[in-house]
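Single-structure report; data block below.
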Protein chains: 2
Amino acid sequence: MGYEDEQKIFDEYVKKMGLKQSEQRRDILLVFLKTEKHLTADELHGIVKKKNPSIGAATVYRTLKLLRECGLCREFRLNDGTTRYEHLYGHDHHDHLVCTGCGALVEVLDHEIEKRQEKLAVQHGFTISSHKLEIYGTCAKCNN
Amino acid sequence: MGYEDEQKIFDEYVKKMGLKQSEQRRDILLVFLKTEKHLTADELHGIVKKKNPSIGAATVYRTLKLLRECGLCREFRLNDGTTRYEHLYGHDHHDHLVCTGCGALVEVLDHEIEKRQEKLAVQHGFTISSHKLEIYGTCAKCNN
DNA sequence: TTATCTGCAAAGCCTTTGCACTTAG
DNA sequence: CTAAGTGCAAAGGCTTTGCAGATAA
């Protein structure tokens with residue numbers, strides 16, 4: 001319920017590339033979409049295994065790669081060394097506040113910042129494809 | 001010639017922590033400071049070995065850790081999976097344009113962006129410790 | 001049918017760690 | 001003298017890859 005668009009995008013990408021669908025890929029996509037958190041590959045694998053215990057880590061990595069390629073998923077590397085994934089479709093672009101205390105991630109957006117990034121790029125002759133802004137600090141809870 | 005400040009910072013940090021100086025640490029610091037590029041640990045190791053072939057990779061990693069701790073060095077992880085280091089002292093804070101074509105890194109700064117980041121953090125009860133802005137795209141050369 | 005997919009285990013990176021020896025202080 | 005540093009090699013994480021069997025189209 002509610003992920004028809006994403007599933008369609010994935011299906012079409014798979015078809016376009018001459019690949020095949022599979023139970024595993026569908027399971028991984030659904031779990032990924034359902035989880036409103038920034039997961040590591042390993043965390044995602046852990047949740048997926050509850051639904052389908054035989055799925056291996058390699059399949060999770062391979063599927064995440066496909067999801068990135070078709071624009072449903074974004075990978076980002078944090079300064080703490082972890083690599084996390086979030087879904088993109090149906091989410092506005094945003095940046096992150098990262099709490100170095102408890103690991104909390106808060107999504108934020110400032111249009112002026114976005115515009116000025118574009119401007120910086122243009123000034124240096126760059127054509128932007130994406131960007132990543134992470135603000136590290138401690139959240140209200142961890143400041144106490 | 002010119003790195004007295006940095007060496008002093010390092011010396012004092014080492015002393016303060018009850019550690020010792022060494023030929024290797026001095027060599028690594030000097031090469032690191034001399035190189036006006038964002039190096040990987042392995043690249044730094046390669047350059048250091050030209051000066052002192054017996055230095056091992058482990059010592060480079062251990063020294064980079066110290067340099068981060070005393071504020072002379074900043075580590076950042078790019079989306080291409082590499083981890084790079086840049087020196088901080090005597091450099092104003094800046095962000096990066098990253099060319100996904102040739103790997104070029106351009107340092108940029110926009111005070112309004114900086115201010116607005118601070119504002120975003122405050123709005124969410126965060127206390128900023130640092131931040132990381134990377135704008136990915138293709139540079140003028142790679143656009144041709 | 002047959003090209004793709006899967007799980008597993010092995011292999012690859014990059015980084016850290018344990019150890020015996022060396023060295024700064 | 002002795003706590004800390006070093007190089008090496010081994011061990012650790014995380015991710016990718018090779019392979020033989022399974023499966024979608």
Side-chain angles (χ1 to χ4, degrees), chain A residues 7 10-29 31-32 38-70 73-85 103, chain B residues 7 10-32 38-70 73-85:
Chain A
Q7 290 173 328
F10 189 41
D11 278 351
E12 286 175 358
Y13 180 74
V14 163
K15 194 161 297 176
K16 191 182 78 182
M17 302 301 282
L19 307 176
K20 293 173 181 172
Q21 267 301 358
S22 74
E23 190 68 25
Q24 291 92 330
R25 285 179 180 172
R26 277 186 288 266
D27 286 347
I28 292 167
L29 174 58
V31 168
F32 178 61
H38 304 75
L39 298 170
T40 63
D42 189 55
E43 287 165 354
L44 177 57
H45 183 212
I47 303 175
V48 164
K49 272 198 295 191
K50 289 184 199 160
K51 176 167 189 170
N52 184 339
S54 70
I55 291 182
T59 300
V60 172
Y61 280 105
R62 289 188 274 232
T63 303
L64 281 170
K65 185 153 179 281
L66 291 179
L67 296 180
R68 267 177 280 149
E69 289 166 5
C70 68
C73 163
R74 174 189 183 196
E75 174 190 82
F76 57 105
R77 293 162 197 278
L78 296 177
N79 275 350
D80 67 4
T82 61
T83 299
R84 295 184 173 274
Y85 299 87
Chain B
Q7 290 173 326
F10 189 42
D11 278 352
E12 285 175 359
Y13 181 74
V14 163
K15 194 161 297 175
K16 190 182 78 181
M17 301 300 282
L19 309 176
K20 293 173 183 175
Q21 266 301 357
S22 75
E23 191 68 23
Q24 291 92 329
R25 287 179 178 173
R26 275 186 290 265
D27 286 348
I28 292 167
L29 175 59
L30 274 177
V31 168
F32 177 62
H38 303 77
L39 298 169
T40 62
D42 189 56
E43 288 165 354
L44 177 58
H45 183 212
I47 304 176
V48 164
K49 273 199 293 192
K50 289 185 199 160
K51 176 167 188 169
N52 185 338
S54 70
I55 291 181
T59 299
V60 172
Y61 280 104
R62 288 187 275 232
T63 303
L64 281 171
K65 183 154 180 280
L66 291 179
L67 296 180
R68 266 177 281 150
E69 289 166 4
C70 67
C73 164
R74 173 190 183 195
E75 173 189 80
F76 56 106
R77 296 163 196 276
L78 296 177
N79 275 350
D80 67 4
T82 61
T83 299
R84 296 184 172 275
Y85 299 87

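The chains referred to below are lettered A, B, ... by the order of the sequence lines, with proteins before strands, and numbering in each begins at 1.
Summarising the geometry, the separation between CD1 on Ile55(A) and P on dT6(C) is reported as 8 Å, rounded to the nearest angstrom. Taking atom CG on Leu44(A) and atom P on dC14(D), their separation rounds to 15 Å, with Å as the unit. Atom CZ of Phe76(A) is separated from atom P of dC14(D) by 16 Å (rounded to the nearest Å). We find that CG of Leu39(A) is positioned 15 Å from P of dC14(D), with the value rounded to whole Å. At whole-Å resolution of the value, OH in Tyr13(A) and P in dC5(C) are 11 Å apart. To the nearest angstrom, C1' of dT15(D) lies 16 Å from CD of Glu43(A). If you take CG of Leu66(A) and P of dT4(C), they are 13 Å apart, rounded to a whole angstrom. If you take CE of Met17(A) and C1' of dC5(C), they are 15 Å apart, rounded to a whole angstrom.
In terms of heavy atoms, Arg77(A) sits closest to Arg77(B) at CB-CB, 4.2 Å. Shortest non-hydrogen contact noted between Ile28(A) and Val60(A) is CD1-CA, 3.8 Å.
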Interface polar pairs with nucleotides 22-25 of chain D, N/O, under 3.5 angstrom:
| residue | atom | partner | partner atom | Å |
| --- | --- | --- | --- | --- |
| dA24(D) | N3 | Lys20(A) | NZ | 3.0 |
| dA25(D) | OP1 | Gln21(A) | N | 3.3 |

Polar-atom pairs under 3.5 Å, protein N or O versus N or O of nucleotides 12-17 of chain C: list them with distances, or write none.
| residue | atom | partner | partner atom | Å |
| --- | --- | --- | --- | --- |
| dT15(C) | OP2 | Tyr61(B) | OH | 2.2 |
| dT15(C) | O5' | Tyr61(B) | OH | 3.2 |

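Within the 4.5 Å cutoff, no side-chain heavy atoms of Val48(A) are placed close to those of Gln24(A). The shortest side-chain heavy-atom distance between Met17(B) and Leu66(B) does not fall under the 4.5 Å cut-off.
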Evaluate the side chain to side chain contact (heavy atoms under 4.5 Å, CB included) criterion for residues Leu19(B) and Arg25(B): first the C-alpha distance (whole Å), next the side-chain angles of each, then the deciding distance (0.1 Å), finally the verdict. CA-CA 11 Å; Leu19(B) 309 176; Arg25(B) 287 179 178 173; 4.2 Å; yes

Test log, rule side chain to side chain contact (heavy atoms under 4.5 Å, CB included), inputs Leu29(B) and Thr63(B): CA-CA 8 Å; Leu29(B) 175 59; Thr63(B) 303; 5.6 Å; no

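For the residue pair Thr82(A) / Asp80(A), a side-chain donor-acceptor distance below 3.5 Å is found, with atom types taken as modelled. Residues Asp11(B) and Gln21(B) bring a donor and an acceptor atom of their side chains to less than 3.5 Å of each other.
Place Val60(A) and Gly18(A) on DNA chain C by their nearest nucleotides, and Gly18(A) ends up nearer the 5' end.
Under a cut-off of 6.0 angstrom, the local environment of NZ in Lys15(A) is sparse, with at most 12 non-hydrogen atoms contributed by other residues, nucleotides or ligands.
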